[in-house]
Amino acid sequence: MARSKKNKTSIGCLFWIALILLVLVIFLFNRETIQKVLDETGFLEVVRNNDEESEPEVEQIIIPEETESEEAPAAPEGTAVEGNETPESERTDETVVALEVEPEKPESVETPSDEPEQNRKVRRSKMYFIQINDDGEIGLKSIVRPVYYIDSPLTETIKTLLDGLSSSELNMGLISLIPEQTELLSINLKNGTAYLNFSDSFRFNSFGVEGYNAQLKQIVYTVTEFANIESVQILIEGSIIDYMGPEGGYIGKPISRNTFTEQ
């Protein structure tokens, strides 16, 4: 009985092996036909879709790659960013542009063109001109002007005085009795006395003795505004002379402000 059962099992195994071999032989000979049938029926696509639906959904997260150069932080409000000028259309009324402005020069001042601009200095010099009142009396009137100089503020102050008055000062009723053609030739200082060397034109004053005294006052009062100068010695073309003209005007020795009060 057991032997009979074993034989049946062996026959069954041989049967299945033979069946599998038959299927493989049929498959190999009809492979192209089977592939065509599967493609036409879409059987493989259905199987694939079922597999994909069975997989859980996974959210894909893309992490950006780090770069060496990071974006520059925004500049704080009110800070200028180099290379990014604010367009004029975006500027507000609160924007203030400061410009460096050089002080206005008087009409009579000529600044040296051959000296560096940064070496120039300025001094507020008081200089004297003449004012004639309604009674015809001659008086002095002081004017304070900015004088630009390099080394000698006294030289530039006298040159400015010789240049005369501006139009606005003339409208104030001021005049100068120093002859217009007068030139300053040189200046020397010694023991509180300023030696001013003028051209010969300084002597020719058409207003007589009062005119001489007035022009001398203009010079002496202007020069003695400098703290280290007490008197002025007038020279004409490098020489000391006694009188400016036949009508007077003594200049044979140093003149101070007290000279005019003693007359």
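Quick caveat, the model's predicted, so the values are computed rather than measured. As a basis for the values below, the full set of heavy atoms in this structure was taken, side chains included, without hydrogen atoms, waters or symmetry mates.
- The distance from the CG atom of L22 to the CD1 atom of I17 is 13.5 Å, given to the nearest 0.5 Å.
- Under a hydrophobic-cluster definition in which Ile, Leu, Val, Met, Phe, Trp and Tyr are linked whenever side-chain heavy atoms come within less than 4.5 Å, directly or via other members, L184 and I234 are assigned to the same cluster.
- Side-chain contact between L140 and I130 is present, with at least one heavy-atom pair separated by less than 4.5 Å.
- Linking Ile, Leu, Val, Met, Phe, Trp and Tyr whenever their side-chain heavy atoms come within less than 4.5 Å puts I229 and I158 in one cluster.
- For CG of N228, the number of neighbouring non-hydrogen atoms (other residues, nucleotides, ligands) closer than 6.0 Å is greater than 12.
- Here the straight-line distance linking atom CE of M127 with atom NZ of K141 works out to 15.0 Å at 0.5 Å rounding.
- For the pair L170 and L174, the tightest heavy-atom approach, listed with the atom from each and the gap, is CD2-O, 3.5 Å.
- Nearest heavy atoms, R257 versus T224: NE-OG1, 2.9 Å.
- Not a single donor-acceptor pair under 3.5 Å links the side chain of D135 to the backbone N or O of E137.
- Nearest heavy-atom pair, I138 versus I132, reported as atom, atom and distance to 0.1 Å: CG1-CG1, 4.3 Å.
- Two different hydrophobic clusters hold I236 and F204 under the rule that ILVMFWY side chains link at heavy-atom gaps under 4.5 Å.
- Pairing each heavy atom of S231 with each of T193, the nearest pair is OG-OG1, 2.9 Å.
- Partners of N171 under the side-chain contact (heavy atoms from CB on, under 4.5 Å) rule, at least two apart in sequence or in another chain, do not exist in this structure.
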Exercise for the section: Show your reasoning for whether side chain to side chain contact (heavy atoms under 4.5 Å, CB included) applies to Y149 and T155. Expected result: CA-CA 8 Å; Y149 67 95; T155 299; over 6 Å; no
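- L185 has its side chain within reach of E237: a pair of non-hydrogen atoms, C-beta onward, lies under 4.5 Å apart.
- For the atom pair I251 CD1 and F202 CZ, the distance stands at 7.0 Å (nearest 0.5 Å).
- Side-chain contact between F207 and Q215 is absent, with no heavy-atom pair separated by less than 4.5 Å.
- Distance alone, capped at 3.5 Å, places no donor-acceptor pair between the Q233 side chain and the I240 backbone.
- I187 places none of its side-chain heavy atoms less than 4.5 Å from the side chain of Y195.
- Summarising the geometry of T160 relative to R145, their closest heavy-atom pair is CG2-NH1, 3.3 Å, with the distance given to 0.1 Å.
- Legend: ring pair (Phe, Tyr, Trp, His ring centres under 6.0 Å) pairs involving residues 208-234, not counting sequence neighbours, sorted by first then second residue: Y128-Y221.
- Remark: Q131 CD to S142 OG distance equals 10.5 Å, nearest 0.5 Å.
- A donor-acceptor distance shorter than 3.5 angstrom exists from the side chain of N197 to the backbone of G238, with no hydrogens or angles considered.
- Between L154 and L189, the closest side-chain pair of non-hydrogen atoms falls below 4.5 Å.
- Residues I219 and L161 meet the side-chain proximity criterion, which asks for heavy atoms closer than 4.5 Å.
- For the pair T182 and L162, the tightest heavy-atom approach, listed with the atom from each and the gap, is O-CD1, 4.0 Å.
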Exercise for the section: Given side-chain hydrogen bond (donor to acceptor under 3.5 Å, both in side chains), test S199 with Q181 step by step and report yes or no. Expected result: CA-CA 8 Å; S199 63; Q181 293 79 17; over 6 Å; no
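- Within the structure, every pair that satisfies the ring pair (Phe, Tyr, Trp, His ring centres under 6.0 Å) test and touches residues 231-250, not counting sequence neighbours, is listed here: Y243-Y250.
- Hydrophobic clustering keeps V209 apart from I255 (ILVMFWY residues linked when any side-chain heavy atoms are closer than 4.5 Å, directly or through intermediates).
- Between R123 and E225 there is no salt bridge, since no side-chain N of the basic residue sits under 4.0 Å from a carboxylate O of the acidic one.
- Under a 4.0 Å N-O distance rule, the pair E210/K217 does not qualify as a salt bridge.
- A donor-acceptor distance shorter than 3.5 angstrom exists from the side chain of R203 to the backbone of M244, with no hydrogens or angles considered.
- Proximity of a side-chain donor or acceptor of Q218 to a complementary backbone N or O of L177 within less than 3.5 Å is detected.
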